[in-house]
Amino acid sequence: MFEKLLSLPVVASEHGKDVDAFIIYIHWLMGFLFVIWMAYFLYVLWRFRASKNPKADHVGVRSHASSWLEGVVALIEAVLLLAFAIPMWAKIVDQAPEGPETNNVRVMAQQFGWNFMYPGPDKTFGAQDLEFVTSDNKFGQVPDDESGADDFFTYNDLRVPAGKATVFQISSLDVIHSFKVIALRICQDAIPGLSIPTWATPLKEGRYQINCAQLCGNGHTSMTLGFMTVESPEAFDAWVAEKALTTAGEDAGFE
Ligand SMILES: [Cu+2]
């Protein structure tokens with residue numbers, strides 16, 4: 001029972017197990033600190049009990065040991081942040097993969113759903129320009145751009161191939177949303193006017209919920225109607241070929 005109660009949500013991405021390991025490590029560390037601090041608290045209650053200390057000491061601690069200790073803790077935290085956390089973020093998160101084996105999807109959040117744009121079989125997106133954005137052209141696709149001829153759109157239906165990295169370019173049509181796929185262990189704010197990449201390599205085939213992780217309005221909860229399907233690369237390629245033939249250029253969205 002406890003195993004089910006305490007387990008983390010299903011992991012479908014390559015880096016997801018590292019995120020989970022980190023979460024578990026932090027819980028162990030916090031558990032350890034909790035035990036130590038509680039023991040210290042009980043010791044202090046006993047050590048400075050009223051029966052042995054009838055008169056309060058108004059000077060208190062005379063040594064500077066605790067100030068030094070705090071300085072050391074601050075230094076360790078600065079080293080963790082500057083030497084480990086920031087370089088690791090720059091290496092793992094900011095450097096999205098590129099190349100022919102990488103799948104690319106543009107994500108346009110709106111009140112209240114998810115629009116997805118695929119580059120089609122040529123794997124190249126058509127040009128985008130803000131001046132072309134309308135309610136039927138949410139990504140601002142430039143008309144008559146050749147590489148955009150096979151680009152197609154879906155609404156609340158995200159598909160990605162298993163075993164290949166997918167880079168999501170996240171943006172928003174209206175307010176700030178946040179693209180969160182718990183199974184992939186990714187979460188990125190969707191900000192109007194910006195296109196922010198985030199990426200993951202899905203491994204486990206299946207259908208997973210997409211969440212909006214910013215309270216974005218009164219229909220916020222219905223953004224959970226977005227789903228991501230991880231399928232075999234063959235099934236994904238067949239789907240892309242069929243969609244590009246049948247719905248290229250057609251808005252799939254919210255009416
Ligand atoms: Cu939202």
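Computed over heavy atoms, backbone and side chain alike; hydrogens, waters and symmetry mates excluded. Model, not experiment: these values are computed from the prediction. Both ligands and their constituent atoms are indexed starting at 1 by order of listing.
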*Answer yes or no as to whether an N/O/S atom of Q111 is found below 2.8 Å from the Cu ion (ligand 1).*
no
*Does K17 use its side chain to pair, donor to acceptor, with the backbone of E14 at less than 3.5 Å?*
yes
*Would you check if the Cu ion (ligand 1) lies under 2.8 Å from any N, O or S atom of H220?*
no
_How wide is the angle at the Cu ion (ligand 1) spanned by C212 SG and M223 SD, rounded to 10 degrees?_
110°
*In H177, which N, O or S atom comes closest to the Cu ion (ligand 1)?*
ND1
*Report yes or no: does D151 contribute a side-chain atom to a donor-acceptor pair with the main-chain N or O of G126 at less than 3.5 Å?*
yes
*asked:* Using ring centroids (six-membered ring only for Trp), state whether F153 and F116 fall under 6.0 Å.
replied: no
*Look at the aromatic rings of Y40 and Y43 and report parallel, tilted or perpendicular, splitting at 30° and 60°.*
tilted
